There are 2 protein chains.
Amino acid sequence: MARISESTVRRLSHYYRVLEEVAGEGQRVISSHRLAEREGVTSAQVRKDLSCFGSFGRRGLGYDVRHLREQIRGILGLSRRWRVAIAGAGHIGSALLAYRGFGEQGFDVVAVFDSSPQRIGRPAGDLAVRPMNSLSARDAIDVGVVATPPGAAQDVADAMVAAGVRGILNFAPRKLHVPAAVALRHVEMTVELESLSFALSQPRAGRRPRAVE
Amino acid sequence: MARISESTVRRLSHYYRVLEEVAGEGQRVISSHRLAEREGVTSAQVRKDLSCFGSFGRRGLGYDVRHLREQIRGILGLSRRWRVAIAGAGHIGSALLAYRGFGEQGFDVVAVFDSSPQRIGRPAGDLAVRPMNSLSARDAIDVGVVATPPGAAQDVADAMVAAGVRGILNFAPRKLHVPAAVALRHVEMTVELESLSFALSQPRAGRRPRAVE
DNA sequence: TTTTGTGAACGTGTTCACAGCG
DNA sequence: CGCTGTGAACACGTTCACAAAA
């Protein structure tokens with residue numbers, strides 16, 4: 001089985017959402033063409049992506065919606081739960097804590113940290129905000145979420161790595177350096193905004209690849 | 001001047017941040033190599049990206065930090081201001097409203113909408129939450145931010161398009177369909193999370209280094 | 001000499017087109 | 001026949017390598 005590209009994984013995540021929707025509509029079977037249509041990609045892309053992980057379809061028929069959904073669920077690791085720590089109890093951190101979808105995807109927020117004395121000890125959902133330096137390997141955190149100001153982000157990431165996290169989701173607009181064994185993903189709101197600003201600044205009505213339909 | 005790839009624009013946004021930092025450190029000149037190093041790309045990449053827009057460097061010397069920063073600022077359309085409307089006064093919408101970086105990038109939030117009667121009329125920063133259906137072309141919105149539950153996202157986007165927005169930033173985990181002339185960007189927190197989940201599920205050859213304390 | 005700007009080479013992800021199978 | 005699975009062709013973004021300039 002060849003190396004899986006990041007784009008393939010991201011599309012898998014999209015397919016998964018479409019399949020949940022389609023299953024909700026009572027559809028039992030879906031073709032790569034229909035799935036592609038809903039997601040805005042080509043049917044060949046769908047088949048290629050899926051074929052990285054096995055043969056889930058039936059020729060002449062299509063894919064069983066429930067079965068495919070469960071397969072993707074397994075592939076994406078959504079069948080198990082992950083222990084998450086959020087660093088930064090500001091606006092973003094608080095919003096994330098309150099975000100229900102987090103738990104629905106298998107991520108349990110088990111600790112919230114901040115370095116500001118004013119915030120430490122304050123209730124945050126079912127939890128209380130802990131001082132940043134109290135994070136340790138004993139917390140057994142799988143995924144750390146960096147929701148601090150940019151200036152603190154690298155230090156926080158270092159602390160997370162020292163505490164043994166295996167993945168980091170970074171919301172701060174700064175490049176983080178972590179060991180290769182730690183998975184790192186970046187939610188780049190700033191970049192999306194500036195990319196939007198660029199598109200809006202272009203003279204002619206933009207024919208941008210991401211503006212489909 | 002050839003077509004600009006989306007990746008190039010996104011990197012430009014990164015370079016811009018590095019340049020602000022470097023300018024703050026008092027550096028007056030920076031080479032493509034140093035810039036690349038800080039951003040985690042190759043120096044050829046930096047030069048190629050910049051060369052799409054002109055010749056900003058001096059051979060044998062490098063790039064003038066302030067000048068390059070201002071050039072990129074102009075290219076990304078950050079020299080002017082955009083009128084922004086946020087739809088959805090829930091956790092994400094509120095966090096965005098409180099986010100200062102928004103304004104620093106030239107985006108003025110001039111209206112907040114929601115369809116829930118409980119939220120309408122409530123103060124939101126300097127603004128008051130308005131009923132979703134009160135959005136109209138008279139608001140002269142440039143950019144709409146979709147921060148609603150997924151089920152409402154498409155309707156809200158349609159309303160924004162009808163009100164004449166030129167760009168949409170979507171936080172809802174659902175594909176939006178908009179006319180090609182409307183720029184669309186997606187903050188895919190869900191996808192990043194699931195991509196992390198996938199990475200964590202892979203049987204990694206190199207086990208993570210032991211947590212040292 | 002240093003470092004940019006850029007055509008050429010390269011690699012990777014996407015699309016095509018069809019063989020294979022129900 | 002219809003639709004999947006997949007090698008081959010293609011497109012596009014990245015890297016290389018070097019001529020040109022300071």
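Here the structure is a predicted model, which means the values were calculated and not measured. Letters A, B, ... are given to chains in the order of the sequence lines, protein chains preceding strands, and every chain is numbered from 1.
Between B:T42 and the phosphate of D:dT14, there is no side-chain N or O to OP1/OP2 separation shorter than 4.0 Å. For the pair B:S32 and C:dT3, the criterion of a side-chain N or O lying under 4.0 Å from OP1 or OP2 is not met. Within the 4.0 Å cut-off from OP1 or OP2 of D:dC3, not a single side-chain nitrogen or oxygen of A:S31 is found. Checking the phosphate oxygens (OP1, OP2) of D:dT15, a side-chain nitrogen or oxygen of B:Q45 falls inside 4.0 Å.
A:Q71 has its CD atom 16 Å from the P atom of D:dT4, to the nearest Å. Rounded to a whole Å, the CZ atom of A:R59 is 12 Å from the C1' atom of D:dG2. If you take CZ of B:R10 and C1' of D:dG13, they are 15 Å apart, rounded to a whole angstrom. The separation between B:E6 atom CD and D:dT14 atom P is 11 Å, rounded to whole Å. Straight-line distance from the CG atom of A:L50 to the P atom of D:dT6: 11 Å, rounded to whole Å. Distance A:Y15 OH to D:dT4 P: 12 Å, rounded to the nearest Å. Protein atom CG of A:D49 is 14 Å distant from nucleotide atom C1' of C:dT12, rounded to whole Å. In this entry the distance linking NE2 of B:H33 with C1' of D:dC16 reads 15 Å, nearest Å.
Here CG of A:L68 is found 13.5 Å from CZ of A:R73. Values are rounded to the nearest 0.5 Å.
When the nucleotides D:dG5, C:dT15, D:dT15 are ranked by their closest atom to the side chain of A:R47, D:dG5 comes out on top. Taking the side chain of B:S51 as heavy atoms from C-beta on, and the options D:dT15, D:dT4, C:dT6, the nearest nucleotide is C:dT6. When distances run from any side-chain atom of B:K48 to the nucleotides D:dT14, C:dG7, C:dC18, the shortest one goes to C:dG7.
For the pair A:L61 and A:A44, both in contact range of DNA chain D, the more 5′-proximal nearest nucleotide belongs to A:L61. Both B:Y63 and B:G60 lie close to DNA chain C; mapped to their nearest nucleotides by heavy-atom distance, the more 5′-ward contact belongs to B:G60.
For the pair A:D114 (side chain) and A:S116 (backbone), a donor-acceptor distance under 3.5 Å is present.
Side chains of A:S197 and B:L78 form a contact here, defined as non-hydrogen atoms less than 4.5 Å apart. Side chains of A:V178 and A:I168 form a contact here, defined as non-hydrogen atoms less than 4.5 Å apart.
Among the heavy atoms of the strands lying under 4.0 Å from B:R11 are primed sugar atoms or P, OP1, OP2 only; no base atom is included.
Atom NE2 of A:H186 has more than 12 heavy atoms from other residues, nucleotides or ligands within 6.0 Å.
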